[in-house]
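Structure first, then comments.
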Amino acid sequence: MEKMIYSILSVKSNKEKLNDLLVNIKGITGAGLYQLSFDEITVVVSDMSRASLIIGKSTVIEYAGVIETLSQQFTLLPMRFGSLMESNEAIIHMLEKNYPDIQQNILKVENKHEFGLKVFCDSGKLMTELRVKSEADGKTPTKPDIEIKNSIFRDWVNQKLKEHRQEVLLVTYVDSVIGEIAEQLDQLKAISKIKKMVTPTTIVDGVFLLDKALKDELIHAVGELQAKYPTLNFIMTGPWPPYNFTNFTIK
Amino acid sequence: MNENKILFNTGSFDGISEEIGKLTSNVEESRLKLTPDNADSGLAKLVLTLVELIRKLVEKQAMRRVDGGSLTDDEIERLGETLMKLDLKMEELKKHFNLTDRDLNINLGPLGDLM
């Protein structure tokens, strides 16, 4: 039977505390959880036959639930769903071989939590506002630059030019919002990964790694951003295990 | 998403769920699903996606140049004709292979959507 790995933890002198916690939680399909250690690093695993592993939403949620519970009390590196190894010996050998990388990653996320920030907008309304403001500021010509003659090709170019100018306006605006977010996060010394324009309505999709103690400051900073941009909808979630800030390849 | 994981929101929980749902469904719908049974249409989708990406890049660059004012009237006329014909040809190919604009926007996992 294979071993399903949930997380790599920095337990140090708290092995008993982890044991007490594992007694009260179950792995996927109700499997019992136990720990395997190498030096200061511990992994939480359960027995799991590869053939019996059913990949579905409920199993993934169960898996994430274990990681979530552990992350509330320990610094950990969450493993990807479906991380199976052949035996306990193979896991300990893996820990030994990857010890420096694992330690480095644990150090990076120690006493930190991940938070998510999404910024939604009503794209039609936002575009209209930006266009009106830009025209009022004289930054965007109200008419295309190209003289309209009796040509379908010119009409086509004019239409595309109009769309291009709107896109430039939107991207400039989103960049300014991201700039403000980055400025606030810099003050909190957060590490961030931000994607823009994920969909027409999701203009910012970011994740931040931040000291646990600074959660309230982050909420306050997001509140200030929301007040500055009332037409946008800022949504902050967390705390999450550091899913987006664990970066090592098992050798 | 669990409601108690939301630390800041001025909208409704249902509104968020709807938006997150859109993000997830976009990922599901835009995956390239190549199987032995659909190799032909899967390949057509992949090729047309790349063609569409290049066409859009060319179009964007052209609009930058038009907006920059560096093209003459004749050049704009010819550019319009070329881009419009490319656009129409692309529509024809999409129709032929029964593909929509959404089909040609492949999801690249952590990198997001292609276009």
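From a predicted model like this one, the values you see are computed outputs, not experimental measurements. FYI, side chains are in, hydrogens and waters are out, and symmetry mates aren't considered; it's all heavy atoms of this structure.
Shown here for A/I28 and A/Y6, the closest heavy-atom pair between the two residues is N-OH, 3.0 Å.
Both tests hold for A/K193 against A/F245: distance to the six-membered ring centre under 6.0 Å, angle to the ring axis within 45°.
For the atom pair A/L232 CG and A/I235 CD1, the distance stands at 11.0 Å (nearest 0.5 Å).
Residue contact with chain B, scored on non-hydrogen atoms closer than 4.5 Å, is absent for A/E163. For B/R78, no part lies near chain A; criterion is any non-hydrogen pair under 4.5 Å.
Under the 3.5 Å distance criterion, with hydrogens and angles disregarded, a donor-acceptor pair is assigned to the side chains of B/D103 and B/T100. A side-chain donor-acceptor contact under 3.5 Å links A/H220 and A/E224.
Interface check for chain A: of the options B/L83, B/D87, B/L79, B/L71, the most heavy-atom pairs under 4.5 Å are formed by B/L83.
The backbone N or O of B/M63 sits nowhere less than 3.5 Å from a side-chain atom of B/D67 that would complete a donor-acceptor pair.
Of residues 54-73 of chain A, those residues lying under 4.5 Å from chain B by any heavy-atom pair are A/E68.
Checked options A/V119, A/L126, A/V177; the residue passing with A/Y229 is A/V177 (criterion: side-chain contact (heavy atoms from CB on, under 4.5 Å)).
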